[in-house]
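First up is the structure itself, then whatever we jot down about it.
Sequential numbering from 1 along the given sequence is applied to the chain's residues. Since we're looking at a predicted model, the values are computed, not measured.
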Amino acid sequence: SPVRLLLLLFLFSINLSAQVIQNVELEVVGKPSWQNIIPIGKNGLLLFVKTDQAKAKAVMFDSDLQKKWESEVFLDVECSPTAFTFDQQQITFLFRETSGMYYQVLIFNLQTGAFKNKGFEIRDFFDDQSYVFLKNKVMLAGATKTGAAFYTYDFFSEEGKMIPLEIKGKVALQEMNYEEKSGKIHSIWSVKELSYSDTKKKKGEYIKDAFLNVSVFDTSANVLESSRISQKSGIFR
């Protein structure tokens, strides 16, 4: 018979007027491999826990730590969420396999617990480094073999698309922020331009230049603004 594990969460009430410690209990079959406790401001907090090999449970509590809803979901991945984001209406979790080939997105309604379960695959090499979730699609930002790129997946049409950017070289995304009001995505990339002492055989690789690229995009990955910040001298590593 399965072992039953009782999770005891001793949490301060989010309601500052209460200032008491409350005992929240959640019974889980088996031993959970990961769990997330996510404060969501005045909405309360969400407990998200792996309950079985292919199952997880999301439990929403209000600001007094009274349970609002509980939803069980099936997972196609083993690891904990790569990232999550939330607003007043919903919370979104992004999962991926270790290889980065398969992605799963779970979208929970914060009021009701109703959820959408979406999955997609990326066939080409892509090192995802951050993401922006919109109402009908997800935009992954990262690197291909040649430089920076976005990968977008539309949940309505169920179509994915790789969008290479004019930021070439060995890139690493330093920061990315989405402004919902303006619909703009602000990003900072570190870029290393590579070259070879033997260009034909591509041997003797070295860094020819290194700089920061600061770019602003719209939600279709079109460049709205772009600037380059270079250092005048130094040793590039």
Side-chain angles (χ1 to χ4, degrees), residues 36-46 48 58 60 77 79-97 100 102-112 114-122 124 126-144 146-191 211-229:
N36 298 113
I37 301 174
I38 304 167
I40 311 182
K42 294 180 180 179
N43 284 328
L45 67 83
L46 183 81
F48 196 28
M60 184 71 189
V77 293
C79 298
S80 59
T82 301
F84 68 88
T85 185
F86 62 84
D87 54 29
Q88 293 298 313
Q89 288 76 43
Q90 61 189 30
I91 185 167
T92 306
F93 293 93
L94 176 69
F95 299 82
R96 67 171 180 175
E97 293 288 7
Y102 180 78
Y103 296 79
Q104 185 175 8
V105 178
L106 289 170
I107 310 160
F108 291 91
N109 183 303
L110 288 176
Q111 300 304 314
T112 66
F115 63 90
K116 299 176 183 177
N117 188 343
K118 304 289 184 178
F120 60 94
E121 292 182 82
I122 299 180
D124 301 320
F126 184 65
D127 174 23
D128 66 277
Q129 299 171 12
S130 188
Y131 86 117
V132 170
F133 183 81
L134 308 173
K135 292 299 181 183
N136 64 332
K137 68 180 178 181
V138 64
M139 297 180 66
L140 302 176
T144 64
T146 58
F150 280 108
Y151 182 87
T152 64
Y153 184 81
D154 190 299
F155 296 125
F156 291 156
S157 64
E158 297 186 346
E159 292 180 351
K161 181 170 61 174
M162 188 74 74
I163 305 173
L165 304 177
E166 293 300 319
I167 307 174
K168 304 302 181 183
K170 188 176 181 180
V171 300
L173 183 60
Q174 302 298 304
E175 184 177 336
M176 186 169 75
N177 296 301
Y178 171 58
E179 289 183 354
E180 190 172 0
K181 289 184 179 179
S182 65
K184 294 180 179 180
I185 300 169
H186 296 260
S187 64
I188 301 175
W189 310 76
S190 67
V191 186
F211 56 91
L212 291 178
N213 177 282
V214 181
S215 293
V216 180
F217 303 89
D218 63 17
T219 54
S220 297
N222 296 312
V223 182
L224 303 178
E225 303 172 35
S226 184
S227 60
R228 172 173 169 154
I229 303 174

Report the distance from atom NE2 of H186 to atom CD of E225, rounding to the nearest 0.5 Å.
7.5 Å

Test item: N43 and Q111 side chains (from C-beta on) under 4.5 Å apart, heavy atoms:
yes

CD1/I188 to CD/Q174 distance, rounded to the nearest 0.5 angstrom?
8.0 Å

If we only count heavy atoms from C-beta on, is the T146 to P164 side-chain gap below 4.5 Å?
no

L165 vs F217 side-chain heavy atoms within contact, under 4.5 Å:
yes

Out of curiosity, F95 CZ to S80 OG, how far, rounded to the nearest 0.5 Å?
8.0 Å

What's the separation between atom CG in L134 and atom CG in N136, rounded to the nearest 0.5 Å?
6.5 Å

Give a yes or no on this: more than 12 heavy atoms of other residues, nucleotides or ligands lie within 6.0 Å of atom CD of E121.
yes

Geometric class of the F84/F86 ring pair [parallel <30°, tilted 30-60°, perpendicular >60°]:
parallel

Out of the candidates T152, D127, L94, T82, only one should pair with L140 under the side-chain contact (heavy atoms from CB on, under 4.5 Å) rule; please name it.
L94

Greater than 12 external heavy atoms within 6.0 Å of K168's NZ
yes

State whether a side-chain donor-acceptor pair under 3.5 Å links S215 with N213.
yes

With no hydrogens and no angle check, is any side-chain donor or acceptor of K118 less than 3.5 Å from a backbone partner on I107?
no

After noting the C-alpha distance and the side-chain angles of M60 and I91, does the key distance pass the side chain to side chain contact (heavy atoms under 4.5 Å, CB included) rule?
CA-CA 11 Å; M60 184 71 189; I91 185 167; over 6 Å; no

Rounded to the nearest 0.5 angstrom, the CG-OG distance for D218 and S182 is 10.5 Å

Which heavy atom of Q129 sits nearest to which heavy atom of A143, and what is that distance?
NE2-CB, 3.9 Å

State, yes or no, whether a side-chain contact exists between M176 and I185 at a heavy-atom distance under 4.5 Å.
yes

What orientation do F108 and F93 show, parallel under 30°, tilted 30 to 60°, or perpendicular over 60°?
perpendicular

Is any side-chain heavy atom of F48 closer than 4.5 Å to a side-chain heavy atom of L106?
yes

Centroid-to-centroid, F133 to F155, below 6.0 Å?
yes

Distance-minimising heavy-atom pair for I163 and A221:
CD1-CB, 3.8 Å

For E179, is the CD atom crowded, meaning more than 12 foreign heavy atoms sit under 6.0 Å from it?
yes

Compare every heavy atom of P39 with every heavy atom of I37, then report the nearest pair and how far apart it is.
O-CD, 3.6 Å

For M162 and T144, which heavy atoms make the closest approach, and how far apart are they?
SD-CG2, 4.2 Å

Classify the ring geometry between W189 and F150 as parallel (under 30°), tilted (30 to 60°) or perpendicular (over 60°).
perpendicular

Could you go through Y178 and T85, starting from their C-alpha distance and side-chain angles, then the distance that decides it, and tell me whether this counts as side chain to side chain contact (heavy atoms under 4.5 Å, CB included)?
CA-CA 11 Å; Y178 171 58; T85 185; over 6 Å; no

Quick one: closest heavy-atom pair of Y131 and A83, and the distance?
CE2-CB, 3.3 Å

How long is the straight-line distance from CD of Q89 back to OG1 of T112, given to the nearest 0.5 Å?
11.5 Å

Student check: side-chain heavy atoms of K184 and L224 closer than 4.5 Å
yes

Using 30° and 60° as the class boundaries, would you call the ring planes of Y151 and F126 parallel, tilted or perpendicular?
tilted

Decide yes or no for Y153 and K161: does some side-chain heavy atom of the first lie under 4.5 Å from some side-chain heavy atom of the second?
no

Over all heavy atoms of both residues, which pair between P81 and N36 is shortest? Give the atoms and the distance, please.
CD-OD1, 3.4 Å

